[in-house]
Amino acid sequence: MLGIINLPAFIAAGILLNLTPGADTMYILGRSMSQGRKAGIYSALGISTGVIVHINLAAFGLSLIIAKSTFAFDLIKYAGAFYLAYLGIKMLIKKPVPNELIIGNKASMRGVFLSGVLTNVLNPKVSLFFLVFLPQFVEPANASDPLPFLILGLIVTTSGTIWCLILAVFSSTIFNRIRNNTSS
């Protein structure tokens, strides 16, 4: 079917991989708990947009170039590490602002979204994951066709986006309940 083999196994493996915590999960949880539900949702959508970038890279072969070039891989790895460190330092030195002020600021949500995209795009492990994982479910005769890679990538992205949105909504809800609980 469209150059895809063992689709049920792929869906199951993709869901399990989406449920496994990583840098993206930590980013979404951090934003959801510190800035609220809206920031969590924007960060989840940013992460998903970053995944779409990786899918296109894998489907059209650019990930292979990154995987074969130690310099390109290291460049992306260190850029990603620098960016995550920058975000961490920025959060540590920034003055706390009430959630209402942060959530009401559209530019702030644009920044949360773009930070989510960059957090994912600058993670070379995501690129290598798609490069190694997707081909296992593509018929060898269709290995040069981007369509099966795009379809498989969209399946993983859909389940991952749903999971990330669930994380954002539930973590912000639970954190708000804990923060607002005045009974001791």
Side-chain angles (χ1 to χ4, degrees), residues 4 6-59 80 83-84 87-88 90-91 94 96-134 136-137 148-183:
I4 299 170
N6 208 354
L7 186 59
F10 173 80
I11 292 171
I15 290 171
L16 286 173
L17 289 167
N18 282 325
L19 296 176
T20 304
D24 295 343
T25 301
M26 296 304 123
Y27 177 74
I28 293 166
L29 291 175
R31 289 290 188 172
S32 298
M33 291 188 288
S34 67
Q35 292 179 289
R37 178 177 292 163
K38 188 174 180 180
I41 290 170
Y42 273 76
S43 64
L45 295 175
I47 295 294
S48 295
T49 302
V51 170
I52 291 170
V53 170
H54 284 291
I55 290 165
N56 281 297
L57 290 174
Y83 182 69
L84 290 175
L87 286 177
K90 187 176 168 184
M91 289 181 86
K94 187 176 178 183
V97 180
N99 281 350
E100 299 80 34
L101 295 177
I102 296 170
I103 291 172
N105 185 342
K106 288 183 183 178
S108 163
M109 290 303 110
R110 187 177 316 122
V112 168
F113 175 82
L114 291 174
S115 291
V117 173
L118 286 174
T119 297
N120 188 276
V121 168
L122 293 175
N123 186 347
K125 290 179 184 177
V126 178
S127 181
L128 290 176
F129 161 76
F130 282 110
L131 184 66
V132 172
F133 186 65
L134 294 184
Q136 296 177 44
F137 298 93
F149 292 96
L150 293 171
I151 292 170
L152 292 171
L154 289 174
I155 291 169
V156 168
T157 303
T158 301
S159 66
T161 301
I162 291 168
W163 173 244
C164 289
L165 290 171
I166 289 169
L167 279 175
V169 170
F170 282 110
S171 63
S172 65
T173 301
I174 290 169
F175 188 74
N176 282 335
R177 283 186 183 165
I178 290 170
R179 182 177 45 201
N180 294 331
N181 186 3
T182 55
S183 62

Novice: Does Thr49 reach the side chain of Phe113, with side-chain heavy atoms less than 4.5 Å apart?
Specialist: yes

Novice: Drop me the distance from Leu152's CG to Ile11's CD1, to the nearest 0.5 angstrom.
Specialist: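 Here the rounded value is 9.0 Å.
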
Novice: Checking the side chain of Ser43 only, and the main-chain atoms of Gly40 only, is there a donor and an acceptor separated by less than 3.5 Å?
Specialist: yes

Novice: Do Leu17 and Val156 come within less than 4.5 Å of each other through their side chains, counting heavy atoms only?
Specialist: no

Novice: With a 4.5 Å cut-off on side-chain heavy atoms, are Leu134 and Phe10 touching?
Specialist: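 Phe10 reaches Leu134 side chain to side chain.
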
Novice: Considering only heavy atoms from C-beta outward, does the side chain of Tyr27 approach that of Val112 to under 4.5 Å?
Specialist: yes

Novice: Quick one: does Phe130's side chain get under 4.5 Å of Val51's, heavy atoms only?
Specialist: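 When only atoms from C-beta onward are counted, Val51 and Phe130 do touch, with a gap below 4.5 Å.
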
Novice: Quick one: pull up CD1 in Ile41 and CD1 in Ile28 and give me the separation to the nearest 0.5 Å.
Specialist: 11.0 Å

Novice: So how far is it from Arg37 CZ to Tyr42 OH, rounded to the nearest 0.5 Å?
Specialist: 14.0 Å

Novice: So, do Ile47 and Thr161 sit near enough that their side-chain heavy atoms are less than 4.5 Å apart?
Specialist: no

Novice: Show the nearest heavy-atom pair for residues Ile4 and Leu7, with the distance to one decimal.
Specialist: CG2-CD1, 4.0 Å

Novice: How long is the span from the CD1 atom in Ile55 to the CZ atom in Phe149, to the nearest 0.5 Å?
Specialist: 12.0 Å

Novice: Just how far is it from atom CG of Leu154 to atom OG of Ser159, taken to the nearest 0.5 Å?
Specialist: 11.0 Å

Novice: Does any part of the side chain of Leu150, heavy atoms only, come nearer than 4.5 Å to the side chain of Asn56, both counted from C-beta?
Specialist: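 Counting from C-beta outward, Asn56 and Leu150 do come under 4.5 Å.
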
Novice: Evaluate the side-chain proximity of Ile15 to Leu19: yes if any heavy-atom separation is below 4.5 Å, no if none is.
Specialist: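 Yes, their side chains come closer than 4.5 Å.
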
Novice: Would a distance-only check, ignoring hydrogens and angles, find a side-chain to backbone donor-acceptor pair under 3.5 Å from Asn176 to Ser172?
Specialist: yes

Novice: Donor-acceptor pair, His54 side chain versus Asn120 backbone, under 3.5 Å?
Specialist: yes

Novice: Rounded to the nearest 0.5 Å, how far apart are CZ of Phe170 and OG of Ser32?
Specialist: 12.0 Å

Novice: Give the minimum heavy-atom separation between Ser171 and Leu167, together with the two atoms involved.
Specialist: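 For Ser171 versus Leu167, the nearest heavy atoms are OG-O, 2.6 Å.
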
